[in-house]
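The structure appears below as structure tokens.
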Amino acid sequence: MERATMVRPSSTFVKINKKKLWVSLAIAVLSLCFVPINVSAAVRRQTPQQHHLSRKPSPKLRFGRNGEFKILQVADMHYADGKTTPCEDVLPSQVDGCSDLNTTAFIHRMIEAEKPNFIVFTGDNIYGFDSKDSAKSMDAAFAPAIAARIPWAAVLGNHDQEGTLSREGVMKHIVGLNHTLSQLNPSELHVIDGFGNYNLEVGGVEGSGFVNKSILNLYFLDSGDYSTVPAIPGYGWIKPSQQLWFQLTSAKLRRAYMSPPNAQKSSAPGLVYFHIPLPEVASFDSTNFTGVRQEDIGSASVNSGFFTSLVEAGDVKAAFTGHDHVNDFCGQLTGIQLCYGGGFGYHAYGKAGWPRRARVVVVSLEKTEEGGWGTVKSIKTWKRLDDKHLTAIDGEVLWSKKHTGTRRKKHINGSTA
């Protein structure tokens, strides 16, 4: 997201008749499914470099033997040219020597402290305008995750494509990097808006009855950059073609989870990651969220109905975004937690004296009667600040089988109490 130079979208939402929309969309998709095009193909400024032919395959995601799966969210790195790229909005005492390398160091600290099973980069991974070479900037931005050999995934923001690569070129480059599970788009669809729409399945613990079953589903979507419709100002949004893909994928995963072996009675929990927050986020105030809100909600000026799609699907427990760097709150609406990651990158705008931060999510399994690991019991979150002690704040339970949205009063060494 940009500073005040970006004109805030109008608060007037365009209402959409979802029933008619889905019928029309389904007909359109069926009629076009044999056409090898992508409706959002960007103008290509440069062909992505093909130097990742030795990419190492990443292992299947699954819960650890401790019954947990930990995700580190990194939002808005705004990486550019490394050591020569200055920091934005830091204290006067921090200016000298501050650069993109501070962002790199923060990722290393988070990996060492939290030892995540998986890392998600939620857009504006690079700041294209200030990058001399988008491919090199991405290589440097994702280097800590690659060096740690931790599986990772990324979605695009509104600034990633503003350099030497098109939006498609940026995502193709990401897909070619080592240890990433990112995908360009669903292989089964020829027509879908954007780049970087995909899902990942997280299997149960090795040796458990759920080793070959996805018990946690992760969805990733391209929320776009800016509106391409002249009559609609502001940022992009998740389009009907993407929503249809999400609904079909959710339904397919639900059927698999509720089928033998170990057939379950309802859907496996799902988490969603994209860059630009939904318009519904603006409905929260200080009485019903955990964290801080220090700037306006930078959502699209149209409401495309994706939140309704999430509610209807029934499996998603939380959605995680970036974009608004000095907002870091989570709030629950209609049973779904809508969470910001909080600004991470030092070349991104921020607030001097307000530390950069990262969000951690831990999904925990329940014990079976036999003493093994079963299905998901709870989803918890907290944030860590890039200060001397990597201070952990705002621990809360996002979802559990018993209740949801319970804020925890204590938070010690990365665990809630």
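The first residue of the sequence shown is numbered 1, and numbering continues consecutively from there.
Residue-environment remark: NZ (K367) exceeds the threshold of 12 foreign heavy atoms within 6.0 Å. No more than 12 heavy atoms of other residues, nucleotides or ligands shown are found within 6.0 angstrom of NZ on K132.
In this structure a side-chain-to-backbone donor-acceptor pair under 3.5 Å is missing from K60 to N212. Judged by distance alone, with hydrogens and angles left aside, the side-chain atoms of T164 form no donor-acceptor pair with the main-chain N or O of D133 at under 3.5 Å. Judged purely by atom type and a 3.5 angstrom limit, S208 uses its side chain to pair as donor or acceptor with the backbone of V205. The backbone N or O of G82 lies less than 3.5 Å from a partner atom in the side chain of D100, making a donor-acceptor pair. Put simply, the side chain of E68 never gets that close to the backbone of V362: no donor and acceptor are under 3.5 Å apart. A donor-acceptor pair is defined here as one N or O able to donate and one able to accept, closer than 3.5 Å; such a pair exists between the side chain of D222 and the backbone of F195. N327 places a side-chain N or O within 3.5 Å of a backbone atom of E295 that can act as its donor or acceptor partner. Formation of a donor-acceptor pair under 3.5 Å by the N217 side chain with backbone atoms of E201 is not found in this model. Listed for the N185 side chain is a donor-acceptor partner under 3.5 Å among the backbone atoms of N197. With hydrogens and angles ignored, the 3.5 Å screen pairs a side-chain donor or acceptor of D124 with a backbone N or O of N158.
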Assess whether side chain to side chain contact (heavy atoms under 4.5 Å, CB included) is satisfied between D81 and S137, documenting all intermediate values. CA-CA 6 Å; D81 294 328; S137 294; 3.8 Å; yes

Checking E88 against Y127 for the side-chain hydrogen bond (donor to acceptor under 3.5 Å, both in side chains) test, could you report, in this order, the C-alpha distance in whole Å, the side-chain angles of both residues, the deciding distance, and whether it holds? CA-CA 12 Å; E88 298 284 343; Y127 191 67; over 6 Å; no

Run the ring pair (Phe, Tyr, Trp, His ring centres under 6.0 Å) test on F210 and F63 for me, step by step, so that the C-alpha distance in whole Å, both residues' side-chain angles and the decisive distance to 0.1 Å come before the verdict. CA-CA 10 Å; F210 296 93; F63 281 77; over 10 Å; no

Test side chain to side chain contact (heavy atoms under 4.5 Å, CB included) on V311 and I336; report intermediate values, then the result. CA-CA 7 Å; V311 175; I336 297 176; 3.9 Å; yes

For a side chain to side chain contact (heavy atoms under 4.5 Å, CB included) check, start with the C-alpha distance between F220 and L181, then their side-chain angles and the critical distance, and finish with the verdict. CA-CA 11 Å; F220 305 85; L181 296 178; over 6 Å; no

Where do R62 and N117 land on the side chain to side chain contact (heavy atoms under 4.5 Å, CB included) test, with the steps shown first? CA-CA 9 Å; R62 67 173 61 259; N117 301 101; over 6 Å; no

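For the residue pair S250 / D315, a side-chain donor-acceptor distance below 3.5 Å is found, with atom types taken as modelled. Between the side chains of Y235 and S223, no donor-acceptor pair is found at a separation under 3.5 Å. Between the side chains of T375 and E366, at least one donor N or O lies within less than 3.5 Å of an accepting N or O. There is a side-chain donor-acceptor pair under 3.5 Å between D193 and S241. In the model, D139 has a side-chain atom that pairs as donor or acceptor with a side-chain atom of H173 under 3.5 Å. The closest side-chain donor-acceptor pair between Q294 and D324, if any, does not fall under 3.5 angstrom.
Nearest heavy atom pair, residue Y257 against residue S266, reads CD2-O, 2.8 Å. Shown here for F246 and S309, the closest heavy-atom pair between the two residues is CE2-O, 3.7 Å. Closest approach of F274 to A319, counting heavy atoms only: CE2-CB, 4.1 Å. Shown here for A75 and G341, the closest heavy-atom pair between the two residues is CB-CA, 4.4 Å. In plain terms, the two heavy atoms of I238 and S304 that are nearest each other are O-OG, 2.8 Å. In terms of heavy-atom proximity, P277 sits nearest to G322 at CD-O, 4.0 Å.
S182 OG to Y198 OH: the interatomic distance, rounded to the nearest 0.5 Å, is 3.5 Å. Of the inter-residue distances, the one linking C339 atom SG with D394 atom CG reads 10.5 Å to the nearest 0.5 angstrom. Rounded to the nearest 0.5 angstrom, S267 OG and L253 CG are separated by 9.0 Å. Atom-to-atom distance recorded for W354:CH2 and L385:CG is 8.5 Å, nearest 0.5 angstrom. Here the CZ-CG distance, from F142 to N125, works out to 4.0 Å after rounding to the nearest 0.5 Å. For the atom pair CD1 (I126) and CD (Q161), the distance works out to 9.0 Å, reported to the nearest 0.5 Å.
Put simply, the side chain of L278 reaches to within 4.5 Å of the side chain of L310, judged on heavy atoms. Two residues are said to be in side-chain contact when any heavy atoms from C-beta on lie closer than 4.5 Å; V90 and V95 meet this criterion. Residues K70 and V360 meet the side-chain proximity criterion, which asks for heavy atoms closer than 4.5 Å. Looking at W373 and I215, their side chains never come closer than 4.5 Å, going by heavy atoms from C-beta outward. E188 places a side-chain heavy atom less than 4.5 Å from the side chain of W245. Considering only heavy atoms from C-beta on, P269 stays 4.5 Å or farther from V363 through its side chain. In this structure, the side chains of F121 and I174 stay at 4.5 Å or more apart for every pair of heavy atoms. Counting heavy atoms from C-beta on, the side chains of I393 and R357 come closer than 4.5 Å.
Aromatic pair F106/Y346: ring centres not closer than 6.0 Å.
Relative orientation of the F329 and F284 rings is perpendicular, given thresholds of 30° and 60° on the angle between their planes.
When R359, R293, R384, K383 are each tested for a salt bridge (charged side-chain N to carboxylate O under 4.0 Å, His left out) with D328, only one passes: K383. Among the candidates I146, N178, V74, L72, the single residue satisfying the side-chain contact (heavy atoms from CB on, under 4.5 Å) test with W152 is I146. Across H323, H347, H325, a single residue satisfies ring pair (Phe, Tyr, Trp, His ring centres under 6.0 Å) together with H78, and that is H325.
A salt bridge between R109 and D386 is present, with a side-chain N of the basic residue lying under 4.0 Å from a carboxylate O of the acidic one.
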